[in-house]
Amino acid sequence: MVLGPRYGEDAAVIETSGKYLVAKTDPITFTADRIGWYAVNINANDLATMGARPRWFLATFLFPEGRTTDALVEKVFGETLKACRSLGITLCGGHTEITVGLDRPIVVGQMLGEVDPDKLVRKESQRPGDVVILTKGVAIEGTTILAREKAEWLRGRIAAKHLKRARQLLLKPGISVVRDAQVALEHGEVHGMHDPTEGGVLTGLVELASAGRVGMRVWKEKIPVLAETRRLARVLDFDPLSLLASGALLIAAERSSAPRIVNALRRRRIAARIIGEVRRPKDGITIVEHGRARPIKIPDRDEIARLLGSPSR
């Protein structure tokens with residue numbers, strides 16, 4: 001075992017003959033729409049952040065008793081296969097069942113990939129002086145889920161064209177960061193990567209710094225929040241920085257190579273900007289707002305869990 005379970009790491013690394021095998025598992029529970037697409041991309045993201053190429057996907061599909069039709073099963077499998085093909089991944093196995101106690105389908109994905117030992121990206125490679133880059137913006141996944149799951153409540157409160165755009169964020173710019181990671185690795189010296197998920201970008205920053213045993217300082221005004229997310233935040237009253245954030249990639253890079261990484265990402269139409277810097281552990285993990293630094297507090301609960309559990313919104 002090269003890398004086992006620990007805080008801030010989302011995949012295991014196992015030594016095999018010639019290469020490292022990288023293994024990951026993650027469920028999709030917040031939404032029933034496009035769950036196959038979510039499952040493939042979310043699991044592939046965590047492999048990509050370690051420099052690995054996602055190659056094989058296994059999935060457990062759980063469907064609700066009394067609500068499952070042939071059309072539903074075909075739809076879920078179809079979107080899963082489509083997502084796999086888009087990333088060059090083989091759906092190689094898994095399990096399917098209809099079970100009691102569910103009100104919607106659930107998919108638990110397991111992704112396997114490979115990386116050369118000298119190409120493995122480990123978060124403990126971070127060092128003071130590195131800069132932190134964020135791609136795309138926050139929070140793509142949470143925004144598209146809320147636009148889909150809260151569509152009825154939001155109708156009339158947000159213009160139809162804006163709701164449509166929010167739903168389309170699933171595919172454009174999309175929730176995959178595989179390409180983001182590959183571009184970063186090709187054009188600069190990367191010391192750590194992390195895809196912020198539950199708890200939003202704030203939790204992602206703490207996880208990245210903690211896994212690297214470093215301090216970190218970020219500037220709130222530099223963190224890009226998509227226009228669609230801002231619109232939903234005004235109506236639903238949530239903090240975009242604490243909302244499910246798959247689709248963005250946090251990159252800790254050597255300072256002098258960071259501009260090359262940012263420019264390479266932008267040439268490929270992947271938005272990117274420097275939002276902070278890695279510091280000494282004793283400096284803590286802080287966010288600067290209006291010139292004042294304060295410790296980053298991990299939210300007690302992802303905003304999407306709060307909102308999807310609220311009948312009034």
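Nothing fancy with the numbering, it's 1 onward along the sequence.
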Point to revise | CZ/R280: more than 12 non-hydrogen atoms of other groups inside 6.0 Å | key: no
Point to revise | Salt bridge R255-E277, side-chain N to carboxylate O under 4.0 Å | key: yes
Exercise for review: Determine, using the 4.5 Å side-chain heavy-atom cutoff (strictly less than), whether L120 and M111 are members of one ILVMFWY cluster.
Suggested key: yes
Point to revise | Closest non-hydrogen atom pair, K24 against N43 | key: CG-OD1, 3.4 Å
**Study point:** Flag, side chain of E303 to backbone of D239, donor-acceptor distance under 3.5 Å
**Key:** yes
Point to revise | Residue of the set V132, L134, T135 for which side chain to side chain contact (heavy atoms under 4.5 Å, CB included) holds with I251 | key: T135
Review point. Do the side chain of T144 and the main chain of I140 share a donor and acceptor less than 3.5 angstrom apart?
Key: no
Check your understanding: Should the pair E79-K82 be classified as a salt bridge under the 4.0 Å nitrogen-to-oxygen rule?
Key -> no
Review point. Can you tell me if CZ on R213 sees more than 12 non-hydrogen neighbours from other groups inside 6.0 Å?
Key: no
Review point. Between V115 and L3, is there a shared hydrophobic cluster once you connect ILVMFWY residues whose side-chain heavy atoms come closer than 4.5 Å?
Key: yes
Practice item. Treat each ILVMFWY residue as a node, draw an edge where side-chain heavy atoms are under 4.5 Å apart, and state whether V13 and L47 are in one component. Key: yes
Study note, to complete from the structure: So the salt bridge (charged side-chain N to carboxylate O under 4.0 Å, His left out) pairs with at least one residue in residues 126-138 (sequence neighbours excluded) are R127-E189, K136-D180
Review point. Which heavy-atom pair separates K220 from E289 by the least distance, and what is that distance?
Key: NZ-OE2, 3.3 Å
**Study point:** Donor-acceptor under 3.5 Å (N45 side chain, V177 main chain)
**Key:** yes
**Study point:** Side-chain (T25) to main-chain (G109) donor-acceptor, under 3.5 angstrom
**Key:** yes
Check your understanding: Is any side-chain heavy atom of L91 less than 4.5 Å from a side-chain heavy atom of V40?
Key -> no
Review point. With a 4.5 Å heavy-atom cut-off, do V206 and L202 have their side chains touching?
Key: no
Study note, to complete from the structure: Here the pair of heavy atoms bringing R148 nearest to L170 is NH2-CD2, 3.6 Å
Check your understanding: Between D10 and H194, is a side chain to side chain contact (heavy atoms under 4.5 Å, CB included) present by the stated rule, with each step listed?
Key -> CA-CA 9 Å; D10 292 320; H194 194 52; 3.2 Å; yes
Review point. More than 12 heavy atoms of other residues, nucleotides or ligands under 6.0 Å from CG of D103: is that the case?
Key: yes
Exercise for review: Taking the side chain as every heavy atom from C-beta outward, state whether V107 and Y38 have any pair of such atoms under 4.5 Å apart.
Suggested key: no
Check your understanding: Just by modelled atom types, is the V178 backbone N or O under 3.5 Å from a matching donor or acceptor in the S176 side chain?
Key -> yes
**Study point:** Q126 side chain to K123 backbone, donor-acceptor under 3.5 Å
**Key:** yes
**Study point:** Residue pair I304 / E149, side-chain heavy-atom distance below 4.5 Å
**Key:** no
Revision key, fill the gap. Tightest non-hydrogen contact, residues E221 and V288, listed as OE1-O, 3.6 Å
Point to revise | Stepwise side chain to side chain contact (heavy atoms under 4.5 Å, CB included) check, R179 with I270 | key: CA-CA 9 Å; R179 192 157 150 261; I270 300 172; 3.7 Å; yes
Check your understanding: Can you tell if the side chain of M193 reaches within under 4.5 Å of the side chain of L249, non-hydrogen atoms only?
Key -> yes
**Study point:** Minimum-distance pair of heavy atoms, taken over all atoms of T143 and L243
**Key:** N-CD2, 3.8 Å
**Study point:** Nearest non-hydrogen partners of P105 and I35, listed with the distance
**Key:** CB-CD1, 3.5 Å
Check your understanding: Side chains of R165 and L169: does their closest heavy-atom pair fall under 4.5 Å?
Key -> yes
Review point. Cluster question for you: counting only ILVMFWY and a side-chain heavy-atom cut-off of under 4.5 Å, with indirect links fine, are L146 and L163 together?
Key: yes
Exercise for review: May I ask you to test the L250-T49 pair for a side-chain heavy-atom distance under 4.5 Å?
Suggested key: no
Check your understanding: Does the pair E207 and E198 meet the rule for a side chain to side chain contact (heavy atoms under 4.5 Å, CB included), with working shown?
Key -> CA-CA 11 Å; E207 291 174 340; E198 289 86 1; over 6 Å; no
